[in-house]
Amino acid sequence: MPIPERLKPAFVSTRAAEPDWTEEARKRLIVALDVPDARSAEATADRLAGVCKWFKVGLELFSAAGPDVVQALASRGHSVFLDLKFHDIPNTVAGAVRSAARLGARMMTVHAAGGPAMLTAARTAIAGLHDAPELLAVTVLTSMDAAQLAAAGVQRTPAEQVSLLARMGCEAGLRGFVCSPQEVAAVRTLTGPEGVLVVPGIRPAGSDAGDQKRLATPSAALRDGASYLVVGRPITQAADPVGAADAIVAEMAAALAV
Ligand code: C5P
């Protein structure tokens, strides 16, 4: 899958004429730092820095450590994905996105379910900024199956709801989306090669699903068009996090090389 021109410095290996698939894989793995404090986050990121480049700051870590943790990770040379999934009225989300964009993260999230006016407000709030982070719209959480959606009042299947939200996001001018590996091929068809598709719900074969419902392996997600994979517990809760991350990178590299 071609990489959007703007994000190329994070991807392209300059070391060899032939792609170095392991290096490419390292640049497409995002480790979710769902840990309770900045010290654990920085220690985990530093430990994994030889294996991958990206780290996700989500609600648990941000609520505990605040904006400083984003700046601390970025200043240590890590690429930060700030996953706060904003969902509020357009004016409030525009302000939140504008504030968050100053922290040094390279990607950040809003909920597509906030609607087209909210997505447009979020996009335009950072449109003129130098080095603005990529704005991603979260479609349907990977922990939701059809029963969970129905209980929340959505009668469509997860696949139908993801397509509806991704189409709406494209119409609002976004090209970055978060979706499960089970819908990534369909979303890739909507966005084309310029889409930045970030995919959680990743589980190496045989690993524990936890609360996730719409899952696939790293290789399946990449083959279906994912730009980046988000992996949390299979790495951070492994007895050997570096070994677990290395194994995922190896699986990703093999899939990219095909
Ligand atoms: O531990 P695990 O690999 O399940 O972590 C997945 C991460 O991806 C979590 O931090 C979660 O918040 C995030 N995420 C998700 N589903 C989405 C969007 C983000 O699981 N749709």
Side-chain angles (χ1 to χ4, degrees), residues 28-37 40-41 44-45 48 51-52 54-65 69-70 73 80-87 100 105 107-114 133-146 148-149 152 154 157-159 161-166 169 174 176-184 186-187 195-218 220-222 224 226-239 241 244-245 247-249 251-252:
R28 295 182 184 223
L29 174 61
I30 304 173
V31 175
L33 294 173
D34 291 325
V35 295
D37 55 65
S40 329
T44 304
L48 290 167
V51 186
C52 58
W54 282 89
F55 295 93
K56 183 171 90 74
V57 174
L59 293 170
E60 179 183 0
L61 179 57
F62 193 85
S63 298
V69 75
V70 177
L73 289 165
V80 179
F81 168 28
L82 182 59
D83 183 26
L84 299 179
K85 299 186 182 71
F86 294 135
H87 186 175
M107 297 196 285
M108 57 188 290
T109 51
V110 296
H111 259 296
E134 183 76 40
L135 188 65
L136 309 171
V138 176
T139 55
V140 176
L141 296 172
T142 43
S143 57
M144 303 286 277
D145 56 14
Q148 290 286 312
L149 272 186
V154 176
T157 65
Q161 183 69 358
V162 168
S163 287
L164 181 145
L165 291 172
L174 274 71
F177 296 95
V178 181
C179 64
S180 100
Q182 297 181 9
E183 301 92 33
V184 67
V187 178
V196 179
L197 306 187
V198 176
V199 177
I202 301 297
R203 290 293 182 269
S207 59
D208 187 11
D211 54 356
Q212 298 282 19
K213 296 271 171 43
R214 301 191 336 279
L215 303 163
T217 61
L222 282 180
D224 283 345
S227 310
Y228 297 89
L229 307 186
V230 178
V231 184
R233 288 161 290 183
I235 292 174
T236 54
Q237 293 186 7
I248 290 172
V249 165
E251 179 179 337
M252 292 171 69

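Because the structure is a prediction, the values reported are computed rather than measured. Both ligands and their constituent atoms are indexed starting at 1 by order of listing. What you see below is based on every heavy atom in this structure, not just the backbone, and it leaves out hydrogens, waters and symmetry mates.
Near Pro200, with a cut-off below 4.0 Å to any heavy atom, the atoms of ligand 1 are 8 (O), 14 (N), 15 (C), 16 (N), 17 (C), 18 (C), 19 (C), 20 (O). Atoms of ligand 1 lying under 4.0 Å from any heavy atom of Val230, numbered from 1 in the order shown and given with element: 7 (C), 8 (O). Near Ala32, with a cut-off below 4.0 Å to any heavy atom, the atoms of ligand 1 are 10 (O). Of all atoms in ligand 1, numbered sequentially from 1 with element shown, those under 4.0 Å from a heavy atom of Asp34 are 9 (C), 10 (O).
Looking only at distances, no side-chain donor or acceptor of Thr139 sits under 3.5 Å from a matching main-chain atom of Ala166. Side chain of Ser207 to main chain of Arg203: no donor-acceptor pair is present (N/O by atom type, distance under 3.5 Å, no hydrogens or angles). Within the 3.5 Å criterion, the main-chain N or O of Val154 finds no donor-acceptor partner in the side chain of Gln161. The backbone N or O of Ser180 lies less than 3.5 Å from a partner atom in the side chain of Glu183, making a donor-acceptor pair. Judged by distance alone, with hydrogens and angles left aside, the side-chain atoms of Arg214 form no donor-acceptor pair with the main-chain N or O of Asp145 at under 3.5 Å.
For the pair Pro234 and ligand 1, a heavy-atom separation below 4.0 Å is found. A heavy-atom separation below 4.0 Å is not found between Gln237 and ligand 1.
Backbone and side-chain nitrogen or oxygen atoms of Gly232 are examined, and one is located within less than 3.5 angstrom of a nitrogen or oxygen of ligand 1. Checked by distance only, ligand 1 and Asp211 stay at 3.5 Å or farther apart across all their nitrogen or oxygen atoms.
In this structure, NZ on Lys85 lies 10.5 Å from CG on Leu136, to the nearest 0.5 angstrom. Atom-to-atom distance recorded for Leu222:CG and Tyr228:OH is 12.0 Å, nearest 0.5 angstrom.
Nearest to atom 15 (C) of ligand 1 among the protein's heavy atoms is Thr142 OG1, 3.3 Å. Distance from atom 19 (C) of ligand 1 to its nearest protein heavy atom, with residue and atom name: Lys85 NZ, 3.3 Å. Among protein heavy atoms, the minimum distance from atom 11 (C) of ligand 1 is reached at Lys56 NZ, 3.9 Å.
Of the heavy atoms in Leu141, both backbone and side-chain atoms come closer than 4.0 Å to ligand 1.
Side chain to side chain, Gln212 and Thr142 meet the donor-acceptor criterion of an N or O pair below 3.5 Å.
When the options Gln212, Arg233, Lys213 are ranked by their closest heavy atom to atom 6 (C) of ligand 1, first place goes to Gln212.
Taking the side chain as every heavy atom from C-beta outward, Trp54 and Met107 approach each other to under 4.5 Å.
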